[in-house]
**Student:** 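Take this structure, written in structure tokens, and hold onto it; I'll ask about it next.
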Protein chains: 2
Amino acid sequence: MTVLQNIKLAVDAVVFGYTSKEGLSVLLIKRKVAPFEKTWALPGGLVRDHESLEEAVERELKEETGISINYLEQLYTFGQPQRDPRNRVVSVAYYGLVKPDAFEIKANTDASDAAWFNVENLPPLAFDHRDILQQAIKRLQGKIIYEPIGFELLDKRFPFSELEKLYQTVLGRPLDRRNFKKKILKFGFLEETTEKQQLEGAGRPGNLYQFNEKKYFQLKKEGINFEL
Amino acid sequence: MTVLQNIKLAVDAVVFGYTSKEGLSVLLIKRKVAPFEKTWALPGGLVRDHESLEEAVERELKEETGISINYLEQLYTFGQPQRDPRNRVVSVAYYGLVKPDAFEIKANTDASDAAWFNVENLPPLAFDHRDILQQAIKRLQGKIIYEPIGFELLDKRFPFSELEKLYQTVLGRPLDRRNFKKKILKFGFLEETTEKQQLEGAGRPGNLYQFNEKKYFQLKKEGINFEL
DNA sequence: GCAATTCACGTAAATATTACGCAAATAATT
DNA sequence: AATTATTTGCGTAATATTTACGTGAATTGC
């Protein structure tokens, strides 16, 4: 039995950025063509015949937003028959994380039709992109408590309180400063540097920390068990 | 820019069954056509234009194995360009769980070219189905410790030791009988019945337990937190 | 009846989590 | 230049959870 199939395959990307000022943000593009013309949407597009799904995501991100990603993971595949009003399009959604520098650059070059939006304050989105985004946020929340992906969202060196704020914003609940620090340090994938924080206001300046990749990957293999 | 796309979309299913005698098994079919003719493979096939991905999985399962599934969840989408030697085929993999009765039936009707294989003793598999299966097992292990999906693999009523054995087989490590029971019962989604276990050997017969769906779904909404 | 097996229930010790206290270092304020 | 507000660093006591294991009861097989 031969089946004539007329389904298009696309990828979409939910790219998260974070700064302590602006909180958790997501990269969106404004659509130029129908359907949903001039509506904000997740970056993405059709997969080419000879590229992998990851290559497709990275290519589309570069084309549409110019951003370079340092963490990318498959989220879920959205395949409801009516999610695109024209044809059947099944989309493999990915989520990615970028460091603040990439974030800042994009926020300044306002030329393009790509922009960051705080996840608490989103515009109407095309297609089922709202669902995809919601699911990505849930996944991020789930992931961050058992794998320290938070580091992919912070600068190379950061004061401990930055990490704490990040966790609080992503999880949407307060954490005890002292217990959080103890718990995280216990794992041993963080190194204290001798460098001190550049202050932006009052308060005792804290030491900067950095991620010890070697220990992290070792722990990841053994299986980390967070719980915050 | 129009892209002419020539990618086929398929679904594959990793269906797990469990009995305390046989352990954790997986449902496979023997391929009738090239490539990988006469090789064992996961049930699956191309998605039709107007059906959802879940409908496609359920249809293929019915067609190829006659089995009815009571738990189905998307696993991952496998999209490497060369995974099918003929054309580009991207496959959305699902994993499912079936109760022992379905399992038994299939194990007896040896007529078809579908069969159960213990996960410890698998034949060579077609395409990248070995990878898919490995990933499904990992997912099952991850899932079972923070959501009691084990119930989808057991009879309606079961002695407590059955649940314990199931967890030990899936996780591949021993669990303390008494602590396991305390931990599970604490959640309150299990009900003790007055019925006693039918013995198959020596030993004091245990009470049968059953799953309290209402409490389970309530807990699921609140967010369960296992850890065994 | 006696050994072997499995179930039921319990408890002590070790670990982990939670909820805070307080001094030190800095900026802002008076 | 003293005082206040803010934030870091380092604790510790109380509570909760996990882990390890003991003992008696109910059954089958010999």
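First the proteins, then the strands, lettered A, B, ... as listed; each starts at 1. Note that the coordinates shown come from a computational prediction; the quantities given were computed from them, not determined experimentally.
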**Student:** Would you state whether a donor and an acceptor, one from the side chain of B:Asn207 and one from the base of C:dA8, lie under 3.5 Å apart?
**Tutor:** no
**Student:** Could you tell me how far apart A:Leu185 (CG) and D:dG11 (P) are, to the nearest whole angstrom?
**Tutor:** 13 Å
**Student:** CZ of B:Arg178 versus C1' of D:dG24: gap in Å, rounded?
**Tutor:** 13 Å
**Student:** Rounded to whole angstrom units, what separation is found between the CG atom of A:Asp176 and the C1' atom of C:dG21?
**Tutor:** 12 Å
**Student:** On DNA chain D, nearest-nucleotide positions of A:Gln197 versus B:Gly203: which is more 5'?
**Tutor:** A:Gln197
**Student:** Take atom CZ of A:Phe180 and atom P of C:dT17, then tell me their distance rounded to the nearest Å.
**Tutor:** 14 Å
**Student:** How close or far is atom C1' of D:dT19 from atom CZ of B:Arg177, stated in whole angstroms?
**Tutor:** 15 Å
**Student:** Got a salt bridge between B:Glu55 and B:Arg59, using NZ or NE/NH1/NH2 to carboxylate O under 4.0 Å?
**Tutor:** no
**Student:** Rounding to an integer number of Å, can you tell me how far A:Gln198 CD sits from D:dT7 P?
**Tutor:** 17 Å
**Student:** For a quick check of understanding: with a heavy-atom distance under 4.0 Å over all strands, which category does B:Lys196 fall into, base, sugar-phosphate or nothing?
**Tutor:** nothing
**Student:** Does any part of the side chain of B:Lys215, heavy atoms only, come nearer than 4.5 Å to the side chain of B:Phe211, both counted from C-beta?
**Tutor:** no
**Student:** Answer with yes or no whether the side chains of B:Thr193 and B:Gln210 bring together a donor and an acceptor at under 3.5 Å.
**Tutor:** no
**Student:** Check whether any side-chain nitrogen or oxygen of B:Lys186 sits under 4.0 Å from OP1 or OP2 of D:dA16, and answer yes or no.
**Tutor:** no
**Student:** B:Ala202 has a side chain; which of C:dC9, C:dT5, C:dG21 sits nearest to it?
**Tutor:** C:dT5
**Student:** Output yes when at least one side-chain N/O atom of A:Lys183 is less than 4.0 Å from OP1 or OP2 of C:dT17, else no.
**Tutor:** yes
**Student:** Does the B:Asn118 side chain pair with the main chain of B:Glu22, one donor and one acceptor, at a distance under 3.5 Å?
**Tutor:** yes
**Student:** State yes or no: are the ring centers of A:Phe151 and A:Phe158 separated by less than 6.0 Å?
**Tutor:** yes
**Student:** Hey, which of these two, B:Gly206 or A:Gly201, hits DNA chain C nearer its 5' end, going by closest nucleotide?
**Tutor:** B:Gly206
**Student:** Toward the 5' end of DNA chain C, which comes first, B:Pro205 or A:Asn179, by nearest nucleotide?
**Tutor:** B:Pro205
**Student:** Without decimals, in angstroms, what is the distance between B:Leu208 CG and C:dT6 C1'?
**Tutor:** 14 Å
**Student:** Checking A:His129 side chain against A:Leu42 main chain: does a donor-acceptor pair fall under 3.5 Å?
**Tutor:** yes
**Student:** Treating A:Arg139 as the side-chain partner and A:Leu75 as the backbone partner, does any N or O pair qualify as donor plus acceptor under 3.5 Å?
**Tutor:** yes
**Student:** Would the base of D:dT8 count as contacting A:Arg204 through its side chain, where contact means a donor and an acceptor less than 3.5 Å apart?
**Tutor:** yes
**Student:** Round to a whole Å and report the spacing from NZ of B:Lys181 to P of C:dG10.
**Tutor:** 11 Å
**Student:** Measure all distances between protein nitrogen or oxygen atoms and nitrogen or oxygen atoms of nucleotides 12-14 of chain C, and list the pairs falling under 3.5 Å.
**Tutor:**
none

